Number of protein chains: 2
Amino acid sequence: MPKRIDRDARKAQFAEAVWRIILDRGISAVSIRTVAEQASVAVGSLRHVFPTRAELLRFSAELMLQRARDRILSTEALEDPEQYALEIAKNLLPLHPDSRAELEINIALIAESPALPELVQLRDDAYQQLGQLCVRLVGILAEKLGEQDVREEARRLHALIDGVALHLLMRPLAEDADWAIRIIRGELHRIAHTSG
Amino acid sequence: MPKRIDRDARKAQFAEAVWRIILDRGISAVSIRTVAEQASVAVGSLRHVFPTRAELLRFSAELMLQRARDRILSTEALEDPEQYALEIAKNLLPLHPDSRAELEINIALIAESPALPELVQLRDDAYQQLGQLCVRLVGILAEKLGEQDVREEARRLHALIDGVALHLLMRPLAEDADWAIRIIRGELHRIAHTSG
DNA sequence: AACAAACTAGCACGAGTGTGTTAGCTTGTT
DNA sequence: AACAAGCTAACACACTCGTGCTAGTTTGTT
């Protein structure tokens, strides 16, 4: 039988090449050829795994969202709700090279979505899931809140997290990021101490 | 002497063609030829005004930021600080087709900035100016606050506005946007009633 | 040793890209 | 009527693009 290479690992390798190109040269520079070169592979090899450019980009986007999901889900449960929620939120912010790259790639793919309509669904799903996660967080922070209030607070938290994430991206990673943690921690504290 | 055409109006016309292409087909689809076609003009005519693609994109980005700035500055002063700040914030949110397009284009240009380094400076300047605007707003809302606290509240407001803006962009313009106003109004009210 | 599935590598094609260059057209002043 | 500044249009060049296609190579099973 054939040479048995882990297909998924191979696909991931190509997806990471796509990411590198996006980060280094922008979404417009992503082509079958540049990606193959980035992965140190002949064009034909890449095309054996991803016959078309659209499939390559779709998988790259999917894997990126999956990695983010995994990171969130692997956050260990903590006793203190505020502590736990803060850990989750920290995993949603671009505080490390990986999560930072994820956000940059996410933005690039959003920007390209008019040309790649299949990405819109992916983005919407991820957005919904993040929204539900915020609802859960608000739920454990302020148990007495009514459903309507929970939804409102969750929306607010979600927006604040995304806004802070965007601003972190504007500044170099090396820069002090305590202000971001302070803002989120303050918001979580406020939510935990609101009475309906 | 030559035919006297308003050069600036001509440039703006081309910039608007660039915007349309970005909105309809993504940043990757922006080329000298597609833009010329969108503007119903021969390639040579476009190139007479913008000799290179980089200059075309640079001007398109600049004009977009300028339009946003003008919209903010034209907000009429109101007596009530909270009302006034809310009016400003509403002009920062993608609540109308124009401002919505501005934000989409802004995101697309950010995504392409690795390939167009000159855009980074533009973006950073706009970000700084928005930050200072938020500082001013917080200043008039909570006059007694110390400088350090003003800065912290301003950062928070800025992040919240950008986060809400992003979320508005995720949903169709037709959809109910009252939640966005509610969140911002609530935040402005909170700032106005915090005591150092 | 023989086989075939899986993978690699490359060519070819038509289309699209940015840009250099050049020729023709418009139009207000002189 | 003559002029020239400014504008329009088109061609050419070398390059990149996505994709169809076809050989070659590797490797585990039989």
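This structure is a prediction, so every number in the text was calculated from the model and none was measured. Computation of the quantities below employed the complete heavy-atom set of this structure, encompassing side-chain atoms and omitting hydrogens, waters and symmetry-equivalent molecules. Every chain is numbered from 1 and lettered A, B, ... according to where its sequence line falls, protein lines coming before strand lines.
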| Length of the CG-C1' vector between A:L56 and D:dT19, whole Å | 14 Å
| query | Nearest to the side chain of B:I32, which nucleotide is it out of C:dT17, C:dT19, D:dT19? | reply | C:dT19
| field | Candidate nucleotides C:dG18, D:dC17, D:dT8, ranked by approach to the side chain of B:R53 - the nearest | value | C:dG18
| task | Give A:T34 one of three labels, base, sugar-phosphate or nothing, depending on what nucleic acid heavy atoms sit under 4.0 Å from its own. | result | sugar-phosphate
| said: Between B:R182 and B:E187, does any NZ, NE, NH1 or NH2 come within less than 4.0 Å of an OD or OE carboxylate oxygen? | reply: no
| task | Check the distance between D:dC17's P and A:I27's CD1 and give it to me in whole angstrom. | result | 14 Å
| task | Examine D:dA9: is either OP1 or OP2 under 4.0 Å from a nitrogen or oxygen in the side chain of B:S45? Give yes or no. | result | yes
| task | May I ask you to say whether B:E62 pairs ionically with B:R67, meaning some side-chain N is under 4.0 Å from a carboxylate O? | result | no
| query | Any side-chain N or O of A:H48 less than 4.0 Å from the OP1 or OP2 oxygen of C:dT8? | reply | no
| query | Has A:R47 got a side-chain N or O lying under 4.0 Å from the OP1 or OP2 atom of C:dC11? | reply | no
| request: Flag the pair A:E147 and A:R151 as a salt bridge only when some basic side-chain nitrogen lies within less than 4.0 angstrom of an acidic carboxylate oxygen. | output: yes
| request: Return the nearest nucleotide to the side chain of A:A42; candidates are C:dG10, C:dG18, D:dT8. | output: C:dG10
| message | For a quick test of reading the model: is some side-chain N or O of B:T52 closer than 4.0 Å to OP1 or OP2 of C:dG18? | response | no
| Nucleotide C:dT19, atom C1' - distance to CG of B:L46 in whole Å | 12 Å
| remark: Rounded to whole Å, CZ of B:R58 lies from P of C:dG18 at a distance of 19 Å
| query | If you count the non-hydrogen atoms of other residues, nucleotides and ligands that lie under 6.0 Å from CD in A:E37, is the total more than 12? | reply | no
| task | Taking only Lys NZ, Arg NE, NH1 and NH2, and the carboxylate oxygens of Asp or Glu, determine whether B:K90 and B:E87 approach each other closer than 4.0 Å. | result | yes
| query | Considering only heavy atoms and no angle criterion, is a donor-acceptor pair shorter than 3.5 Å present between the side chain of A:R33 and the base of D:dG18? | reply | yes
| task | Rounded off to whole Å, could you give me the CZ-to-C1' distance for the A:F50 and D:dG18 pair? | result | 16 Å
